Amino acid sequence: MLSARAMTTASSPFLRTAIARGQFHQCTDLEGLDKAAARGVTGYIGFDMTAPSLHVGNLTQIMYLRRLQQAGGKPIVLLGGGTTRVGDPSGKEEMRQLLSEEQIVKNTASIRGTFDKFLSFGDGKSDALLVDNSEWLLPLNYLDFLRTVGRHMSVNRMLSMDSVKLRLEREQPMSFIEFNYMILQAYDFVELKRRYNCELQMGGSDQWGNIVNGVELGRRMESFELFGLTQPLITTASGAKMGKTAQGAVWLNADMVSPYEYWQYWRNAEDADVGRFLKIFTDLPLEEIARLEALQGAEINDAKKTLATEATALLHGRGEALKAEEAARATFEQGARSDNLPTIVIAQSEFAGLRVAAALVKAGLAASNGEGKRAIAQKSVSVNDALITDEGAELSPADIVDGAIKLSLGKKKHALLRVE
C-alpha cells in the first residue's frame with residue numbers, strides 16, 4: 001500500500017486526476033500502474049445485480065471508470081451475472097438474500113442503460129466494454145476449478161480479510177457460498193486479463209482484500225502483472241452512508257427516483273461536502289470547483305445548485321437538469337407550482353375520500369399513514385401551499401387546480417397529485 005503523500009511523483013493523467021479529485025486511497029504498485037496508465041491501461045470494476053437500479057453509492061465507481069476513459073484508458077464494466085448468485089459478504093453482518101435467476105436477469109436488463117450515460121461504448125481503443133462474468137463462471141466444472149484455482153488461494157489469508165474476520169469476531173455466521181465469493185472475484189480478474197488484456201481492477205477501499213487476491217492469483221496462475229487501485233469510501237460530512245436518505249436509497253433509474261428528486265438530493269448536500277462532491281461527481285474544472293468551494297454564508301447555496309445541476313445533467317441529461325433547477329426555483333423562491341415536480345397519477349375511484357396522510361404516502365412523501373399523520377400534527381404538511389392541521393383531513397375536488405393538487409412536506413419536499 002502506498003499513501004497519497006507518495007503520489008506526488010505520478011505522471012499519468014489518470015492517476016494525477018484521481019489524486020486531485022480525492023479518488024485515491026491505495027495502490028498495489030504505484031510506479032508500475034503509472035507507467036501502464038500512461039500508455040492507456042484497461043481497467044475494470046464489477047457491479048452485482050442485486051436490485052433493479054444502481055444507486056448513488058455505485059456512482060463513485062462509475063465515475064472512476066469515467067475518469068479512466070477521459071484519460072485515455074479503456075474501462076470495462078463487469079456485470080456480476082455470476083457472482084450475484086453468490087453474494088458479496090463485504091460490509092454485511094448477515095448473508096445476502098439469494099436472488100432467483102429470473103430476478104438477476106431482470107435486474108441486469110434494468111441496470112445496463114445507466115452506464116451509457118457516463119461511458120462511451122464501442123470498438124475503439126479507449127471505448128468501454130460491457131461484460132458479464134456469467135460467461136465464464138456458469139460453465140465452470142467444480143473439481144477442475146478447485147484444482148486450477150482453489151489450490152492457489154490461501155485459507156489463512158482469506159480468514160484475515162475484513163469481510164470474513166469481522167463476521168467471525170462478532171460470531172455472525174458466514175455461509176460457505178459467501179466464503180467462495182472472494183475466490184470468484186479473484187478469478188474474474190484472471191479471465192479479464194486473458195480475454196481483454198485487462199491489467200487493473202478498481203474499487204472502493206472495502207474491496208482492497210478482494211482486489212489484492214485477484215492480483216496475487218493472476219501472478220500465481222499465469223505470471224500476470226496486474227494492478228489494484230482503490231478510492232476512499234464516500235460518506236457525508238456527518239458520517240452518513242453515501243446515497244442513503246430517510247426515504248431510502250437514492251436510485252439512478254429515473255422511474256425509481258425522478259430527476260427532480262435526484263436534483264434535490266444534491267442540492268441538500270451538507271456545506272462541508274460541496275467541494276468534495278463537485279470533484280467526484282461532476283466534470284467541472286478544478287479551478288471552478290475551487291472558486292465554488294470558497295463561497296461563504298448564503299452564497300454556498302449557489303455552489304449547491306451548481307452541484308445539483310451538473311450531477312443531474314450527467315445522469316439524466318442537461319435538459320432534465322435545467323427543468324429540475326427551474327422547478328426548484330419556482331417552488332422555493334417564488335412559492336409557485338411547477339409541472340416539473342414529481343407527479344403521481346391516481347384514478348377517480350382512488351381519490352374519493354382520500355385523506356391527506358394517505359395522499360402523502362401515494363406521492364412518496366411519507367412511508368406510512370402514521371408518518372403522514374405525525375407530519376400533519378407537526379404542522380409540516382401543506383396542500384396547494386395551505387397548511388393542514390387536521391390529521392383526518394380529506395382531499396376534495398376543490399383542491400384540484402389545473403388538473404393537479406400540490407402536496408408539500410416541509411419546505412423542500414413537493415409533489416403533484418393528478419386525478420384522472
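The structure presented is a predicted model; accordingly, all values stated were derived computationally and were not measured. Nothing fancy with the numbering, it's 1 onward along the sequence. Side chains included, hydrogens not; waters and symmetry mates left out as well; all remaining heavy atoms used.
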J.: Hey, does the side chain of N141 reach the backbone of D144 with a donor-acceptor pair shorter than 3.5 angstrom?
T.: yes
J.: Ion pair present between E326 and K323, side-chain N to carboxylate O less than 4.0 angstrom?
T.: no
J.: Might you point out which heavy atoms bring D29 and E225 nearest each other, and give the distance in Å?
T.: OD2-OE2, 4.2 Å
J.: Taking Y64 for its side chain and Q23 for its backbone only, find out whether a donor-acceptor pair lies under 3.5 Å.
T.: yes
J.: Using modelled atom types and a 3.5 Å cut-off, is there a donor and acceptor pairing between side-chain atoms of D132 and backbone atoms of S134?
T.: yes
J.: Please check if the side chain of D34 supplies one atom and the backbone of A10 the other of a donor-acceptor pair under 3.5 Å.
T.: no
J.: List the residues meeting side-chain hydrogen bond (donor to acceptor under 3.5 Å, both in side chains) with W136, not counting sequence neighbours, and say none if there are none.
T.: D188
J.: Using the rule given for side-chain hydrogen bond (donor to acceptor under 3.5 Å, both in side chains), can you reason through T42 versus N197, listing the C-alpha separation, both sets of side-chain angles and the distance that settles it, and then say yes or no?
T.: CA-CA 7 Å; T42 298; N197 194 31; 5.9 Å; no
J.: Report yes if some heavy atom in the side chain of L54 is under 4.5 Å from a heavy atom in the side chain of I62; otherwise report no.
T.: yes
J.: How long is the gap from CG on L30 to CZ on F227, to the nearest 0.5 Å?
T.: 10.0 Å
J.: Taking side-chain contact (heavy atoms from CB on, under 4.5 Å) as the test, write out the residues that go with A109, two or more places apart.
T.: none
J.: Name the orientation class of the two ring planes belonging to W266 and F281 (parallel below 30°, tilted from 30 to 60°, perpendicular beyond 60°).
T.: tilted
J.: What's the spacing between T148 OG1 and Y187 OH if we round to 0.5 Å?
T.: 6.0 Å
J.: Check the pair R21, L286 against side-chain contact (heavy atoms from CB on, under 4.5 Å), reporting the backbone distance first and the verdict last.
T.: CA-CA 8 Å; R21 290 186 176 266; L286 292 173; 4.0 Å; yes
J.: Where do G214 and F189 come nearest, in terms of heavy atoms and distance?
T.: C-CD1, 3.8 Å
J.: Side chains of Y260 and H414, heavy atoms from C-beta outward: is any pair under 4.5 Å?
T.: yes
J.: Tell me whether the count of non-hydrogen atoms from other residues, nucleotides or ligands lying under 6.0 Å of CZ in R219 goes above 12.
T.: yes
J.: Taking only residues two or more places apart in sequence or in another chain, which ones pass side-chain hydrogen bond (donor to acceptor under 3.5 Å, both in side chains) with S258?
T.: E261
J.: What distance separates L184 CG from N133 CG, expressed to the nearest 0.5 Å?
T.: 8.0 Å
J.: Could you pull out the closest heavy-atom pair between M202 and I211, with the gap in Å?
T.: C-CD1, 3.9 Å
J.: Sequence neighbours left out, what passes side-chain hydrogen bond (donor to acceptor under 3.5 Å, both in side chains) with K304? Give chain and number order.
T.: D271
J.: Could you go through F47 and T114, starting from their C-alpha distance and side-chain angles, then the distance that decides it, and tell me whether this counts as side-chain contact (heavy atoms from CB on, under 4.5 Å)?
T.: CA-CA 12 Å; F47 300 84; T114 299; over 6 Å; no
J.: Got T108 and V105 here, is their nearest side-chain heavy-atom distance under 4.5 Å?
T.: no
J.: Apply the test side-chain contact (heavy atoms from CB on, under 4.5 Å) to residues Q185 and M182: give CA-CA distance (whole Å), side-chain angles for both, the deciding distance (0.1 Å), then the verdict.
T.: CA-CA 5 Å; Q185 182 172 334; M182 65 183 75; 5.6 Å; no
J.: Decide side-chain contact (heavy atoms from CB on, under 4.5 Å) for D302 and L292; before the verdict, give the C-alpha distance in whole Å, the side-chain angles of both, and the deciding distance to 0.1 Å.
T.: CA-CA 8 Å; D302 293 334; L292 292 168; 5.6 Å; no
J.: Go through the structure and list residues passing side-chain hydrogen bond (donor to acceptor under 3.5 Å, both in side chains) with E288, not counting sequence neighbours.
T.: R291
J.: Other residues, nucleotides and ligands only: do more than 12 of their heavy atoms fall within 6.0 Å of CD on E270?
T.: yes
J.: For N213 and A186, indicate whether the former's side chain and the latter's backbone hold a donor-acceptor pair under 3.5 Å.
T.: no
J.: Do the side chains of R318 and E310 get nearer than 4.5 Å, heavy atoms only?
T.: yes
J.: To the nearest 0.5 angstrom, please state how far the CG atom of D273 sits from the CG atom of L278.
T.: 10.5 Å
J.: When the ring planes of W251 and H55 are compared, do they come out parallel, tilted or perpendicular, using 30° and 60° as the limits?
T.: perpendicular
J.: Flag the pair E31 and K35 as a salt bridge only when some basic side-chain nitrogen lies within less than 4.0 angstrom of an acidic carboxylate oxygen.
T.: yes
J.: Check E101 with R85, please: is the shortest side-chain N to carboxylate O separation under 4.0 Å?
T.: yes
J.: Do side-chain atoms of Q61 reach the backbone of I45 as a donor and acceptor pair under 3.5 angstrom?
T.: no
J.: Does any non-hydrogen side-chain atom of E191 lie less than 4.5 Å from one of Y196?
T.: no
J.: For T230 and G204, which heavy atoms make the closest approach, and how far apart are they?
T.: CG2-O, 3.6 Å
J.: Hey, what do you get for CG (L416) to NZ (K406), rounding to the nearest 0.5 Å?
T.: 8.0 Å
J.: Of all heavy-atom pairs between Q264 and A328, which one has the smallest distance, and what is that distance?
T.: NE2-CB, 3.5 Å
J.: Could you check whether any side-chain N or O of T312 sits under 3.5 Å from a backbone N or O of T309, counting only pairs where one atom can act as donor and the other as acceptor?
T.: no
J.: In Å and rounded to the nearest 0.5 Å, what is the CZ to CG distance from R195 to L129?
T.: 12.5 Å
J.: Under 3.5 Å, is there a donor-acceptor pair between the side chain of E299 and the main chain of L295?
T.: no
J.: Can you name the nearest heavy-atom pair linking T306 to L284, along with the distance?
T.: CG2-CD1, 3.7 Å
J.: Within the structure provided, determine whether Y262 and L315 are in side-chain contact (heavy-atom separation under 4.5 Å).
T.: yes
J.: Please answer whether the main-chain N or O of L252 pairs with a side-chain N or O of S53 as donor and acceptor at a distance below 3.5 Å.
T.: yes
J.: Give a yes-or-no answer on whether the side chains of Q201 and Q207 include a donor-acceptor pair shorter than 3.5 Å.
T.: no
J.: Only pairs under 3.5 Å count here: list side-chain donor-acceptor contacts from residues 65-80, not counting sequence neighbours, and write none if there are none.
T.:
from : atom 1 : to   : atom 2 : distance (Å)
R66  : NE     : D283 : OD1    : 3.4
R66  : NE     : D283 : OD2    : 3.0
R66  : NH1    : F118 : O      : 2.8
R66  : NH2    : D283 : OD2    : 2.5
R67  : NH1    : Q70  : OE1    : 3.3
R67  : NH1    : D283 : OD1    : 2.6
R67  : NH2    : K279 : O      : 3.2
R67  : NH2    : I280 : O      : 3.2
R67  : NH2    : T282 : O      : 2.7
Q69  : OE1    : S120 : N      : 3.0
Q69  : NE2    : S120 : O      : 2.8
Q69  : NE2    : S126 : O      : 2.8
Q70  : NE2    : D283 : OD1    : 3.3
Q70  : NE2    : D283 : OD2    : 3.4
K74  : NZ     : G124 : O      : 3.0
K74  : NZ     : D127 : O      : 2.7

J.: Check whether any side-chain heavy atom of Q231 lies under 4.5 Å from a side-chain heavy atom of M63, and answer yes or no.
T.: no
